[in-house]
Trainee: 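Quick one: the structure is below, questions incoming.
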Amino acid sequence: MAFKNLRLGSDTSRLILLFVAILPATESKDWLFYTVSVLIIGLFIMHVIYAIQLYRKEKSFLCITGNLRSELIDLMVDIAGLMVAYSMDYTGYIRFWWFMIAITLVGILLQLKLENQKKG
């Protein structure tokens with residue numbers, strides 16, 4: 001049961017990140033921009049509702065943090081978002097993606113620390 005919780009929580013957050021990464025590239029087509037924006041908002045609301053339900057059931061948010069593999073995938077999405085932001089020359093998005101890369105690197109370090117504690 002915990003594995004299903006892990007996948008849904010990490011997959012929705014990763015999908016939100018991916019849509020945010022491609023959002024600047026969709027601005028030339030209004031319908032596509034609004035569709036992606038609605039998907040981001042809908043996935044975010046679904047993710048928050050899921051996190052609240054999970055917290056009520058297990059009294060912990062640790063089940064939705066992911067593992068080292070998911071953190072590395074998040075890092076790749078963050079780098080792709082940074083490249084899109086630089087190519088479109090959006091300063092706000094550039095700062096956002098550098099912030100997300102920093103958060104993801106902290107998550108990777110925490111995952112490595114947990115793995116070392118399990119081994120040692």
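Note: hydrogens, waters and symmetry copies are ignored here, and every other heavy atom, side chains too, is used.
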Trainee: About how many Å separate CD1 of Ile79 and OG1 of Thr104, when rounded to the nearest 0.5 Å?
Mentor: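 So the gap between those two atoms works out to 9.0 Å.
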
Trainee: Drop me the distance from Ile41's CD1 to Tyr34's OH, to the nearest 0.5 angstrom.
Mentor: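 Ile41 atom CD1 to Tyr34 atom OH measures 11.5 Å (nearest 0.5 Å).
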
Trainee: Check each of Leu17, Ile16, Leu15, Leu23 against Phe19 using the side-chain contact (heavy atoms from CB on, under 4.5 Å) test, and report the only one that passes.
Mentor: Leu15

Trainee: Would you kindly confirm whether Tyr86 and Ile22 end up in one hydrophobic cluster when ILVMFWY residues are joined by side chain heavy atoms under 4.5 Å apart?
Mentor: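 Yes: a chain of side-chain contacts under 4.5 Å links Tyr86 to Ile22.
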
Trainee: Just so I know, are the side chains of Met100 and Trp97 near enough to count as touching, which here means a heavy-atom distance under 4.5 Å?
Mentor: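 Answer yes - side chains close enough.
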
Trainee: Cluster question for you: counting only ILVMFWY and a side-chain heavy-atom cut-off of under 4.5 Å, with indirect links fine, are Ile103 and Leu110 together?
Mentor: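 The answer is no; the residues belong to distinct hydrophobic clusters.
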
Trainee: Testing the basics here: between Ile94 and Leu82, what is the closest heavy-atom pair and its distance to 0.1 Å?
Mentor: O-CD1, 3.9 Å

Trainee: Using the rule that two of Ile, Leu, Val, Met, Phe, Trp, Tyr join whenever any of their side-chain heavy atoms come within less than 4.5 Å, decide whether Trp98 and Val106 are in one cluster.
Mentor: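 As far as the 4.5 Å side-chain criterion goes, Val106 and Trp98 are not connected within one cluster.
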
Trainee: Around atom CZ of Phe96, are there more than 12 heavy atoms of other residues, nucleotides or ligands at under 6.0 Å?
Mentor: yes

Trainee: How long is the straight-line distance from CH2 of Trp31 back to OG1 of Thr26, given to the nearest 0.5 Å?
Mentor: 9.5 Å

Trainee: Do the side chains of Met76 and Leu105 join up, straight or via other hydrophobic residues, at under 4.5 Å, putting them in one cluster?
Mentor: no

Trainee: When rounded to the nearest 0.5 angstrom, what is the spacing between CG in Asp78 and CG in Leu18?
Mentor: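 Atom-to-atom, Asp78:CG and Leu18:CG are 10.5 Å apart.
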
Trainee: When clusters are formed by joining ILVMFWY residues with side-chain heavy atoms under 4.5 Å apart, either directly or through shared neighbours, do Val36 and Val38 land in the same one?
Mentor: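 Cluster IDs for Val36 and Val38 differ.
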
Trainee: Kindly determine whether Arg95 and Tyr90 satisfy side chain to side chain contact (heavy atoms under 4.5 Å, CB included), including the steps that lead there.
Mentor: CA-CA 9 Å; Arg95 290 183 188 136; Tyr90 288 142; over 6 Å; no

Trainee: Ignoring hydrogens, what is the shortest heavy-atom contact between Ile108 and Glu71? Give both atom names and the distance.
Mentor: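 Smallest heavy-atom distance, with atoms named: CG1-CB, 3.6 Å.
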
Trainee: For Ala21 and Val77, work out which heavy atoms get closest and say how close.
Mentor: CB-O, 4.3 Å

Trainee: Working to the nearest 0.5 Å, report the span between OG of Ser13 and CG of Leu43.
Mentor: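 These two atoms lie 10.0 Å from each other.
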
Trainee: Of the non-hydrogen atoms in Ser70 and Arg14, which two are nearest, and what is the gap between them?
Mentor: CB-NH2, 2.7 Å

Trainee: Would you check if Ile40 and Val20 make a side-chain contact, meaning some heavy-atom pair closer than 4.5 Å?
Mentor: yes

